[in-house]
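Step one of this worksheet: look at the structure below.
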Amino acid sequence: MAVARSVSPYLERLCQRRADAFQGFVHGSLCDGFLNAFAHAAAADQLGLHEAMAALRQAKADTHLGCALGDLSGELGLQDVTHYLSSLADIATCSAMGLACRTAQSRDKALMGGQALVPGLFILAMGKHGAGELNYSSDIDLAAFYDRDAFEEEARDNASGLCVRHVQAVSRILEEVTPDGYVFRVDWRLRPDPASTPVAVSLRAAEAYYESVGQNWERAAFIKARAIGGDLTIAASFLDHLRPFIWRKNLDFAAIDDVQSILRQIHAVHRSKDSDDPAFDVKLGRGGIREIEFFAQTQQLILGGRDASLRLRGTLDALDALVDAGRIDAPARDDLAHGYRFLRAIEHRIQMLDDEQTHQLPSDPSRRARVAVLSGHENLAALDRDIRACRDMVRTRVRELFPESKPLSSPLGSLVFTGVEDDLETLETIASLGFSEPSSIAKTIRAWHHGHIPATRTARARELLTALTPELLQAIAATGEPEIGFARFQDFFAALPAGVQILSLFKAEPKILKETCATLALAPRLGTVLAQRPAILDAMLSPHFLAPLAPDTSEIDHNIMADMVIHPDQFEHSLDIVRRCHREELFRIGFQVLHGRARADQAGRAYSKLAEATIQSLIPVATESLVPIHGRIHGRFAVCAWGKLGGQELAADSDLDLMIVYDVDDELQESDGERPISAEQWHTRFTQRLVSALSVQTAEGSLYDVDMQLRPSGRAGPVAVQFSALKHYYRDQAWTWELQALTRLRPVAGDLELISEIMDMKAQVLSVPRELGTIRADIVAMRKKMALAHPVRGRWDIKRQSGGLIDLEFLSQYYQLLGASRGHNCVRANTIEALHALAEFGVLAFETAGRLILAGRVLHDVRQILAVAAGPNFDADRAGSGLKRAIARCLDAPDFTTVQAKLDDAQTLIREQFMQFAV
């Protein structure tokens, strides 16, 4: 041990800090030392928080010390070392769960109904921890799940929040670095869809996910899953429920190839150094530990559904079982087992140097020589030689398991549309795709082939249709709404003046074909626009159509519209030009939302930038319409946005809340035209012309509904507001709800100096100290008044529902007023950005703001997709499965049930926060 201490700073520190434990291990029994460390860790949940955290970290230090002594002396084998490390992780996690419950807030204890642990919650150990194979400085992979029905009925709505808080507390207890170090770093990413699910996942959502979209790599992860804490009965039931997901009795060739692709994906992501480079990642590199593990796991996934003897967690146990089952021979098992033990031993020694979670041999020869000393090699050259030989052996054995495979596919079936009668095999093929009236489908397609519509009147178009028909029918069937999808595609296709361009596009870009069919079938609003105006698809031929919704959309769209409005003095003509350009961009944004190419925040900004570009393009049109009679006025003006446009949160069906502000040096001046009018009259008529340009219905449709009621004095005040009057009003007369609205004010067009002055005025008004109790009461009263005046329109009224967007906005606005009155620059027009700012300035607790941000994103995701696909009257009970899948996809959810669960959780959180605020 003296030699080890001389080359390992970490072991030297342990021996000094834990001198009594070191002497106990040296002069006593290793087993007794481990039992003593584990006993202290197990009893930690009965101590105070500070003392418990210290006890857990001391138990970790003692376990590391004992494992190092036993490993380096040869007294302990690999499986002994990993067993002791994994046992410590089990015990520490259970202690942390008990401690988190005992030190929970009183409201959480009330939700627990007096129980010592959170009802229905359990934690699974995954990966190496689950298999009892933890490495020396390993993090631990955990997954937390809970059964909502295990709570008392009155506590169920708050179950998610409680479980999330509990799991976060467990993480803090284990991960927080104190003077005694840390216990374990915790990784919760092996839960379902970790990017969009809370850290504690309900059983309902988890089961739905694994049954519908669970991937083969997740099946591999669950091979090692093991319940270690919480309600072990519910945990056992959950794992039993997942057994058919993990162990499938029948796998087709595609599934087998996908299982085998797991290893190929690892190679693609984690390509190691050249074989001659000694800085080798013993875990992820070619010929490393991960390849051996997946050698066993892929065989288990493919064969374990029919052979229960292969359903083992440990890698070495799995290799033995594969030999017993006759799946691999003993020499292959022996080679891989030797390689596994050798590389794991090297891994432990790498980590013993400084207790770092690394698996890579040092590139510095002097540091790598320390590893050689710890592993008992004669010199560094011997270590490098043995590692290279081990890698070559592992790679040879793995290549034997993963020979090159060819892609497999099967033909769709007969699709013949010649002649005048139905082909029976063709009808069978169409029926197999889910169409209920295959004869009608065949008849329509035959008519297309016969050139009965403009799109197929050329030979080239019909040739393209013949080649495209299988993909077309599959794309329509894949929407989940084959009958509706085909009917809407028929309307769209029949309306095309020509077909070669579009059919060529569909053939060259199959994804565009699929997304167009899905648009027609799943989004009635977009589908209607597309069917009525198929010329919109011309825009799809532009590279701009599928380009990401870039932040400079406003400039691009303004340039496009400005170029097209070549006759601003021709009012109606200009309006039609702008409407066509606007409709194409509106369709592009909605298309990207529907097909998951753009998230809610990107769409909100893109819709808002489009509205700004539209306003900017119509300002000269409105101005020029006044010039022939009234001339121009010398002064400044700005178009200001409120609400959703102010916050850059517009959706496909949003109206615009606007206010025109003007400033003139001489209030008595008149315009310079043939019939002069006052500045107030001129700006009033300009405002009326601009609103008309935005809202009037023409042959090309309309743009927006415009609301001017948020200006000072609402409908009773002038439609265009003089800047001096605006400042006076907000200084002396503004109501609380107007201050709320002011947080969302954002000028979007006009004189830059005036825009700057308006923003300065806004900041000054909001920074005035106020009686916050009165502000709070006013906001609560206004929310109640809004609820009475605008009743909720249904379960999917994301805006008005209790816990919906209005509640979130009101919360954000109150805290912005609070922070601004204290001198913090925390006012943001965008709600999510405002919550970030509130957390940054300490106005709102970081954890609370973070949870509200996640909840707000869910609401905005739902709001955006419903605005595109279904409008305000969406009815989940009547919606088709295809539309529900589209909604789930746009929310990165495995299915619609999960969408509902995520929405419920988000609204519950916002509702709880608002109710606490409103008390």
Exercise answer: donor-acceptor pairs, residues 768-776 side-chain atoms, under 3.5 Å, sequence neighbours excluded:
| residue | atom | partner | partner atom | Å |
| --- | --- | --- | --- | --- |
| R770 | NH2 | V765 | O | 2.4 |
| E771 | OE2 | G773 | N | 3.1 |
| R776 | NH1 | F917 | O | 2.6 |
| R776 | NH2 | Y814 | OH | 3.3 |

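Note: W188 and F145 fail the aromatic proximity criterion, with ring centroids not under 6.0 Å apart.
Using a cut-off of 4.0 Å between Lys/Arg side-chain N and Asp/Glu carboxylate O, D904 and R795 are scored as salt-bridged. Between D601 and R599 there is no salt bridge, since no side-chain N of the basic residue sits under 4.0 Å from a carboxylate O of the acidic one.
Residues L162 and F151 have side chains in contact (heavy-atom distance under 4.5 Å, counting atoms from C-beta outward). Using a 4.5 Å cut-off on side-chain heavy atoms (C-beta onward), L859 and I910 make contact. Two residues are said to be in side-chain contact when any heavy atoms from C-beta on lie closer than 4.5 Å; D231 and L121 fail this criterion.
Taking SG of C826 as the reference point, atom OH of Y815 lies at 12.5 Å (rounded to 0.5 Å).
With sequence neighbours excluded, the residues that form a ring pair (Phe, Tyr, Trp, His ring centres under 6.0 Å) with H595 are F591.
Of the possible donor and acceptor atoms, one in the side chain of K762 sits under 3.5 Å from a partner among the backbone N and O of L745.
Between the side chains of D139 and H129, no donor-acceptor pair is found at a separation under 3.5 Å. Under the 3.5 Å distance criterion, with hydrogens and angles disregarded, no donor-acceptor pair is assigned to the side chains of D905 and T908. A donor atom on one side chain and an acceptor atom on the other are not found under 3.5 Å apart for E612 and S608. With hydrogens and angles left out, the side-chain atoms of T831 and R744 include a donor and acceptor closer than 3.5 Å. Residues D355 and S137 have side chains that bring a donor and an acceptor to within less than 3.5 angstrom of each other.
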- Step by step, work out the salt bridge (Lys or Arg N to Asp or Glu O under 4.0 Å) result for E809 and K799. CA-CA 10 Å; E809 291 164 3; K799 179 179 178 180; over 6 Å; no

- List the steps, then state whether side-chain hydrogen bond (donor to acceptor under 3.5 Å, both in side chains) holds for D45 with S95. CA-CA 5 Å; D45 68 342; S95 279; 4.8 Å; no

